[in-house]
Peer 1: 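Pasting a structure below so you can have a look.
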Amino acid sequence: MEPTPKPNIPELFLKPYNPAEHEDALYEKWNNSGYFNPDNCIKDGITAPDAEPFSIVLPPPNVTGVLHMGHAAMLAIEDILVRYNRMNGKRTLWIPGTDSAAIATQSKVEKIILKEEKKSRHDLGREELLKRVDTFAEESKKTILNQTKKMGSSLDWSRYAFTLDEKRNKAVMTAFKNMYDDGLIYRGNRIVNWDPKGQTTISDDEIVHEERQSKLYTFKYSSDFPITISTSRPETKVGDTAVAVHPDDERYQQYIGQTFSLTFCDVPIEVIVIADKEVDPEFGTGALGVTPAHSKIDWDMADRAGITRRPQVINEYAKMTVSGRLAGLKVNDAREAVVEWLRNENLLEKEEVITQNVATAERTGGIIEPLPKLQWWINVNKKFNLKHSEIPGLKTGDEVTLKELMIATVENGGTDIFPERFKRVYFNWITNLNDWCISRQIWYGHRIPVWYKVNAEGRENPLGEKGEELYCDTIAPTDDGWEQDSDTLDTWFSSGLWTMSTLGWPEQTDDFKTYHPTTVLETGYDIIFFWVARMILMSTYNTGQVPFKNVYLHGLVRDEKGKKMSKSLGNVIDPLDMITKYGADATRLSLIIGSSPGNDVPLSENKIKGYKNFANKIWNISRFVLTHTIDTNLSTSPTLSARDQEIISDLKIVVTEVSNEIDRFNLYLAGEKAYHYIWHELADKILEESKPILTGADAAAKLARQYVLNECLTTSLKLLHPFMPFVTETVWQNLPAKMKDQDLLMVAKWPKVE
RNA sequence: GCGCGAUUAGCUCAGUUGGUAGAGCAGCUCAUUUACACUGAGACGGUCGGGAGUUCAAGUCUCUCAUCGCGCACCA
């Protein structure tokens with residue numbers, strides 16, 4: 001049934017709100033206005049030139065990624081903060097960017113090339129591969145960026161940054177050089193986490209431990225060796241150089257210091273019995289075989305015992321390098337072969353099933369093979385002189401370590417973490433932190449700014465490597481004979497600079513001076529170590545400023561039963577589908593309401609549908625109010641009844657509550673309050689009770705109520721705009737000019753907080 | 001092993017400094033050619049995981065136990 005058309009109502013109000021009809025055009029309108037860029041807001045007098053800055057950097061999604069609900073939640077939260085602060089008159093900047101995601105992107109392209117051309121990266125060569133990866137990334141980034149816009153994100157695209165572009169590269173080179181000159185970056189040969197699948201080293205944080213069943217074998221190297229040892233990796237025992245026991249263990253006292261020459265599984269080995277207090281006498285036989293080249297702990301034990309012989313028996317492809325029956329076998333096959341040999345030789349005493357946590361590479365799933373390698377590291381425990389400090393509790397010139405710097409930043413309130421409990425998680429991580437391995441054996445990424453040259457004299461360089469000179473700078477040396485380090489940097493090294501590099505650092509740009517430190521960093525709690533901590537390290541060290549004043553950590557989006565969304569479970573809700581079906585506004589609100597900071601968010605399609613109904617509710621409220629007010633001249637301030645005044649004062653209370661909750665980052669409460677007010681107060685009560693007044697004979701009362709309804713409508717649209725920008729702006733665009741203080745709701749003034 | 005979080009209505013979750021238990025969804029009963037069925041009104045529904053303590057008063061603070069989830073470390 002067609003409702004009776006009212007004369008002056010814009011026609012589009014005569015049918016239900018259809019998001020798909022408005023959203024894309026509206027985004028274009030916002031973008032074309034230029035007001036995503038704070039400079040334009042100042043130029044047009046919308047924002048005061050000396051207004052307080054408010055800045056956020058977007059956690060850059062992978063160039064090759066597609067938008068998922070996690071991104072959608074992040075964009076919704078950040079856009080709410082940004083729109084709210086922009087409407088509040090702050091110089092508001094939200095910087096977009098994408099991340100090269102080194103290993104992930106390179107291996108994706110490698111796979112495609114292998115499939116289509118049957119070629120490996122080595123067939124193509126470094127230069128050609130990089131060209132291909134660049135092309136792929138360039139093409140692929142359009143997808144994620146367009147999807148980002150679909151959510152309504154009011155990002156300043158004129159400041160778009162890519163982790164591998166020229167400006168960001170300069171920042172990376174500069175930071176490396178600074179740390180190198182301070183002795184905080186060093187080259188060291190020791191056990192690294194080698195990923196045989198990805199063919200690169202990875203940092204401790206990129207490891208995930210997987211629980212697996214494995215076997216613990218108890219045996220002797222040979223029948224004439226007096227000590228029985230236990231291991232879950234018998235194949236590594238061909239690389240043993242010692243057997244360690246606890247210094248107080250009476251069973252083995254007589255052997256300490258003795259050396260035995262043996263043949264183990266066709267391999268001649270020489271083991272010395274050493275005492276080390278790290279050995280647990282209660283575990284196994286209380287004695288362990290020390291394999292310095294293939295275990296971090298054993299490497300350290302060898303150090304303590306002064307053992308220099310550290311034969312490597314496993315290579316980068318997780319294959320045995322020894323001769324004899326194990327030659328060339330993969331580690332798993334070698335394990336079987338060793339066990340079979342032990343059985344035949346009657347040396348195996350026990351075999352028990354144990355559960356073990358196996359270290360795997362997060363990106364590739366490959367089982368980590370600890371190997372000794374010469375790599376670049378950041379020393380987190382070395383004292384250095386803090387060149388400049390604006391960090392609370394630290395003065396310029398203080399002697400600190402990077403660890404201390406990271407702790408002080410949060411402890412002294414330079415950076416506040418929200419929710420609070422993650423501070424403890426942060427401190428706990430830093431306390432356990434070891435030196436950070438930053439070099440990677442992949443090609444896509446920032447190449448290490450270090451060059452080597454073989455020198456004729458064979459003199460030692462500062463690292464003590466004979467015959468090689470070393471040069472570190474942000475640009476290549478000009479004279480001949482230098483060769484650049486072939487490794488690239490851990491992607492988190494450049495990500496750690498993100499707040500600074502997006503604002504122009506190392507140049508002292510106006511942007512950097514105005515917007516750094518940034519106001520809020522909003523991200524998932526799962527990357528607090530990878531990213532948040534590294535940004536604090538990089539920024540405080542390089543600039544003496546904290547990278548951000550606040551950290552807001554959101555939870556993970558899960559399905560309605562609280563399960564992780566995954567393709568294999570078939571429970572993935574695609575944000576783009578939801579935007580098409582229910583609109584970006586509904587999708588946004590569904591990710592905000594019911595989602596408290598730091599906790600995971602359960603999401604169902606039904607929930608999103610519910611908020612689509614809400615968008616339509618707003619539509620109909622607007623239609624009702626316009627129907628009854630559009631033809632009336634409301635320029636004079638009418639005399640309000642007691643009830644009218646009460647409505648206005650209730651409205652102000654809601655404005656204050658919503659504002660306060662946003663200020664406290666309680667977006668879920670703010671959204672819920674606005675939602676509840678608009679639906680159950682404004683629509684259900686105020687509109688209903690206004691009907692008789694609007695159709696009644698008392699002209700003065702009618703005029704007053706019309707005024708009140710207009711106030712309620714415009715204020716509600718403003719309150720809701722950060723949460724549901726599209727529907728509120730669509731209505732706003734169709735309000736008569738006399739009701740608006742700005743043509744665009746996006747830059748209208750936030751209602752006054754009492 | 002160390003630490004963190006959760007446990008409140010059928011489901012998903014709120015509950016700010018201790019002061020008589022809340023929302024959304026689902027279900028139930030009515031109403032309705034209405035600004036809006038993408039609707040409204042109403043009722044039902046909880047010894048707040050168990051136990052102990054502090055207090056005039058505990059969902060909230062303390063202790064303890066249980067179950068679930070997560071993070072970090074890790075022993076060969």
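Worth saying up front: this structure is predicted, and the values here are computed from it rather than measured. In what follows, chains are A, B, ... by sequence order, proteins preceding strands, each numbered from 1. Because only heavy atoms are used, hydrogens play no part in the values below, and waters and symmetry mates are left out as well, while side chains stay in.
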Peer 1: Taking only side-chain N and O atoms of W679(A), does any of them lie within less than 4.0 angstrom of OP1 or OP2 on G40(B)?
Peer 2: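 Indeed, a polar side-chain atom of W679(A) lies that close.
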Peer 1: Contact class for D526(A) vs. all strands (heavy atom < 4.0 Å): base, sugar-phosphate, or nothing?
Peer 2: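 Nothing: the residue D526(A), judged by heavy atoms under 4.0 Å, touches no strand.
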Peer 1: Taking atom P in both U62(B) and C25(B), what distance in whole Å separates the two?
Peer 2: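 Here U62(B) and C25(B) have their P atoms 35 Å from each other.
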Peer 1: NA contact type, H676(A), heavy-atom cut-off 4.0 Å: base, sugar-phosphate, or nothing?
Peer 2: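 No contact.
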Peer 1: Do the side chains of E369(A) and R233(A) get close enough for a salt bridge, i.e. N-O under 4.0 angstrom?
Peer 2: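 Salt bridge: yes.
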Peer 1: Work out how far the P atom of U39(B) is from that of G27(B), and round it to whole angstrom.
Peer 2: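 Comparing P positions in U39(B) and G27(B) gives a spacing of 13 Å.
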Peer 1: Base, sugar-phosphate or nothing for V279(A)? Non-hydrogen atoms, less than 4.0 Å.
Peer 2: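 Base, at least one base atom sits under 4.0 Å.
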Peer 1: Does N599(A) have a side-chain nitrogen or oxygen under 4.0 Å from the phosphate oxygens OP1 or OP2 of A14(B)?
Peer 2: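 Indeed, a polar side-chain atom of N599(A) lies that close.
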Peer 1: Distance check, P atoms only: U60(B) and G50(B), in whole angstrom units.
Peer 2: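 So the two P atoms sit 10 Å from each other.
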Peer 1: Looking at A35(B), G5(B), A73(B), which one has an atom nearest to any side-chain atom of R424(A)?
Peer 2: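 Out of A35(B), G5(B), A73(B), the nucleotide with an atom closest to R424(A)'s side chain is G5(B).
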Peer 1: What's the gap between U17(B) and A58(B) when it is taken at their C1' atoms, as a whole Å value?
Peer 2: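 To the nearest whole Å, 14 Å.
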Peer 1: Look at all strands and tell whether N432(A) reaches a base, only sugar-phosphate, or nothing, counting heavy atoms closer than 4.0 Å.
Peer 2: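 Sugar-phosphate: the residue N432(A), judged by heavy atoms under 4.0 Å, touches backbone atoms but no base.
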Peer 1: Which base sits across from U62(B) as a Watson-Crick or G-U pair, both distances under 3.5 Å?
Peer 2: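 Its partner is A52(B) (Watson-Crick or G-U wobble, both distances under 3.5 Å).
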Peer 1: With a cut-off of less than 4.0 Å, is there a side-chain N or O of Y17(A) near OP1 or OP2 of A35(B)?
Peer 2: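 For A35(B), neither OP1 nor OP2 has a side-chain N or O of Y17(A) closer than 4.0 Å.
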Peer 1: Check whether any side-chain N or O of R421(A) sits under 4.0 Å from OP1 or OP2 of G5(B), and answer yes or no.
Peer 2: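 So the side chain of R421(A) is outside the cut-off, no N or O lying under 4.0 Å from OP1 or OP2 of G5(B).
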Peer 1: Roughly how far, to the nearest 0.5 Å, is the CZ atom of F13(A) from the OG1 atom of T730(A)?
Peer 2: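 Going from the OG1 atom of T730(A) to the CZ atom of F13(A) covers 8.5 Å.
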Peer 1: Measure from CZ on F614(A) to P on C25(B) and round the result to the nearest Å.
Peer 2: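 After rounding, the reported distance stands at 12 Å.
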Peer 1: For the pair made of NZ in K612(A) and P in U39(B), what is the distance, rounded to whole Å?
Peer 2: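 To the nearest whole Å, that distance equals 11 Å.
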Peer 1: Taking the inter-plane angle between the rings of F219(A) and Y221(A) on a 0 to 90° scale, is it parallel (under 30°), tilted (30 to 60°) or perpendicular (over 60°)?
Peer 2: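 If you compare the ring of F219(A) with that of Y221(A), the planes turn out perpendicular.
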Peer 1: On RNA chain B, does the nearest nucleotide to N428(A) precede the nearest nucleotide to G594(A) from the 5' side, or the other way round? Give the residue.
Peer 2: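 The answer here is G594(A).
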Peer 1: Please state whether the phosphate of G40(B), meaning OP1 or OP2, lies under 4.0 angstrom from any side-chain nitrogen or oxygen of K617(A).
Peer 2: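 Answer yes for this pair, as a side-chain N or O of K617(A) is under 4.0 Å from OP1 or OP2.
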Peer 1: With sugar-phosphate meaning primed atoms plus P, OP1 and OP2, does A244(A) contact a base, only sugar-phosphate, or nothing at under 4.0 Å between heavy atoms?
Peer 2: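 The residue A244(A) makes no contact with any strand.
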Peer 1: For R664(A) and U16(B), is the shortest distance between a side-chain N/O and OP1 or OP2 below 4.0 Å?
Peer 2: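 False: R664(A) side-chain N/O out of range (4.0 Å or more) of U16(B) OP1/OP2.
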Peer 1: Ring centroids only, cut at 6.0 angstrom: are Y17(A) and H22(A) within range, meaning strictly under it?
Peer 2: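 Between Y17(A) and H22(A), the centre distance is under 6.0 Å.
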Peer 1: Scan F13(A) against the nucleic acid and name what it touches under 4.0 Å (heavy atoms): base, sugar-phosphate only, or nothing.
Peer 2: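 Touches nothing.
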Peer 1: Between atom NE2 in H209(A) and atom P in C2(B), what is the gap in whole Å?
Peer 2: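 After rounding, the reported distance stands at 18 Å.
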Peer 1: The side chain of D280(A) is closest to which nucleotide in this list: C72(B), G5(B), C75(B)?
Peer 2: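 Ranking C72(B), G5(B), C75(B) by closest atom to the D280(A) side chain puts C75(B) first.
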Peer 1: Provide the distance between the two P atoms, one in G24(B) and one in C44(B), to the nearest whole Å.
Peer 2: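 Their P atoms lie roughly 16 Å apart.
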Peer 1: Given A35(B), is OP1 or OP2 found less than 4.0 Å from the side-chain N or O atoms of K691(A)?
Peer 2: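 Yes, within the criterion.
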Peer 1: What is the base-pairing partner of G40(B), counting Watson-Crick and G-U wobble geometry with both distances under 3.5 Å?
Peer 2: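 The base-pairing partner of G40(B), which may sit in any strand shown, is C30(B).
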Peer 1: Base, sugar-phosphate, or nothing: which does L669(A) touch, judged by heavy atoms less than 4.0 Å apart?
Peer 2: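 Answer is sugar-phosphate: L669(A) comes under 4.0 Å of backbone atoms only.
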Peer 1: Taking the six-membered ring of W429(A) (Phe, Tyr or Trp), confirm whether the NZ or CZ of R424(A) is under 6.0 Å from its centre and within 45° of its axis.
Peer 2: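 Geometry flag: not set, cation outside 6.0 Å or 45°.
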Peer 1: Using a heavy-atom cut-off of under 4.0 Å over every strand shown, decide if I297(A) touches base, sugar-phosphate, or nothing.
Peer 2: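 I297(A): backbone/sugar contact only, no base atoms under 4.0 Å.
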Peer 1: Give S232(A) one of three labels, base, sugar-phosphate or nothing, depending on what nucleic acid heavy atoms sit under 4.0 Å from its own.
Peer 2: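 Touches sugar-phosphate only.
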Peer 1: How is S596(A) classified with respect to the nucleic acid when contacts are heavy atoms under 4.0 Å: base, sugar-phosphate, or nothing?
Peer 2: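 Since only primed, P, OP1 and OP2 atoms lie under 4.0 Å of S596(A), the category is sugar-phosphate.
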Peer 1: Contact class for H680(A) (heavy atom, under 4.0 Å): base, sugar-phosphate, or nothing?
Peer 2: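 It contacts sugar-phosphate atoms only.
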Peer 1: Roughly how many Å is it from CG in D684(A) to C1' in G24(B), rounded to a whole number?
Peer 2: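 In whole Å, G24(B) C1' and D684(A) CG are 14 Å from each other.
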Peer 1: For the side chain of N606(A), starting at C-beta, report the closest nucleotide among A35(B), C25(B), C74(B).
Peer 2: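 Within the option list, the nearest is C25(B).
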Peer 1: When both hydrogen-bonding distances must be under 3.5 Å and the geometry is Watson-Crick or G-U wobble, what is G24(B) paired with, if anything?
Peer 2: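 C11(B) is the nucleotide pairing with G24(B).
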Peer 1: Are R363(A) and E206(A) ion-paired here, with the side-chain N under 4.0 Å from a carboxylate O?
Peer 2: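 No, R363(A) and E206(A) are not salt-bridged.
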Peer 1: In whole Å, what is the span from the OH atom of Y525(A) to the C1' atom of G71(B)?
Peer 2: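 Nearest whole value for this atom pair: 9 Å.
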Peer 1: For the residue pair K220(A) and P226(A), what are the closest heavy atoms and their distance?
Peer 2: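 Between these two residues, the closest heavy atoms are CE-O, 4.1 Å.
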Peer 1: To the nearest angstrom, how far is K609(A) atom NZ from G24(B) atom P?
Peer 2: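 Rounded to whole Å, this separation is 18 Å.
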Peer 1: With C1' as the reference atom in both, quote the distance from G49(B) to C68(B) in angstrom, rounded to an integer.
Peer 2: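 Comparing C1' positions in G49(B) and C68(B) gives a spacing of 11 Å.
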Peer 1: Does L682(A) or P602(A) map to a spot on RNA chain B nearer the 5' end, using the closest nucleotide for each?
Peer 2: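 It is P602(A) whose nearest nucleotide is closer to the 5' end.
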Peer 1: Mind checking if E688(A) touches a base, just sugar-phosphate, or nothing, with heavy atoms under 4.0 Å?
Peer 2: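 The residue E688(A) makes base contact.
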Peer 1: Taking G59(B) as the reference, what is the distance to A21(B) when you measure between their P atoms (whole Å, please)?
Peer 2: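 After rounding to an integer number of Å, I get 8 Å for this pair.
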Peer 1: Which one is paired to C72(B), where only Watson-Crick or G-U wobble pairs with both distances under 3.5 angstrom count?
Peer 2: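 Checking every strand shown, C72(B) finds its partner in G1(B), with both distances under 3.5 Å.
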Peer 1: Using only side-chain N and O atoms of N613(A), determine if any of them is under 4.0 Å from OP1 or OP2 of U39(B).
Peer 2: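 True: N613(A) side-chain N/O within range (under 4.0 Å) of U39(B) OP1/OP2.
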Peer 1: With rounding to the closest Å, how many angstrom separate the C1' atoms on G19(B) and A52(B)?
Peer 2: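 It works out to 23 Å between them.
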Peer 1: Between Y582(A) and Y611(A), does the ring centre distance come in under 6.0 Å?
Peer 2: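 Judged by ring-centre distance (under 6.0 Å), Y582(A) and Y611(A) do not meet the cut-off.
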Peer 1: Find out whether the Lys NZ or Arg CZ of R304(A) is both under 6.0 angstrom from the six-membered ring centre of W299(A) and within 45° of the ring's axis.
Peer 2: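 Here R304(A) fails the 6.0 Å and 45° test against W299(A).
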Peer 1: With a 3.5 angstrom cut-off on both distances, give the Watson-Crick or G-U wobble partner of U67(B), or none if there isn't one.
Peer 2: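 By the stated definition (distances under 3.5 Å), A6(B) pairs with U67(B).
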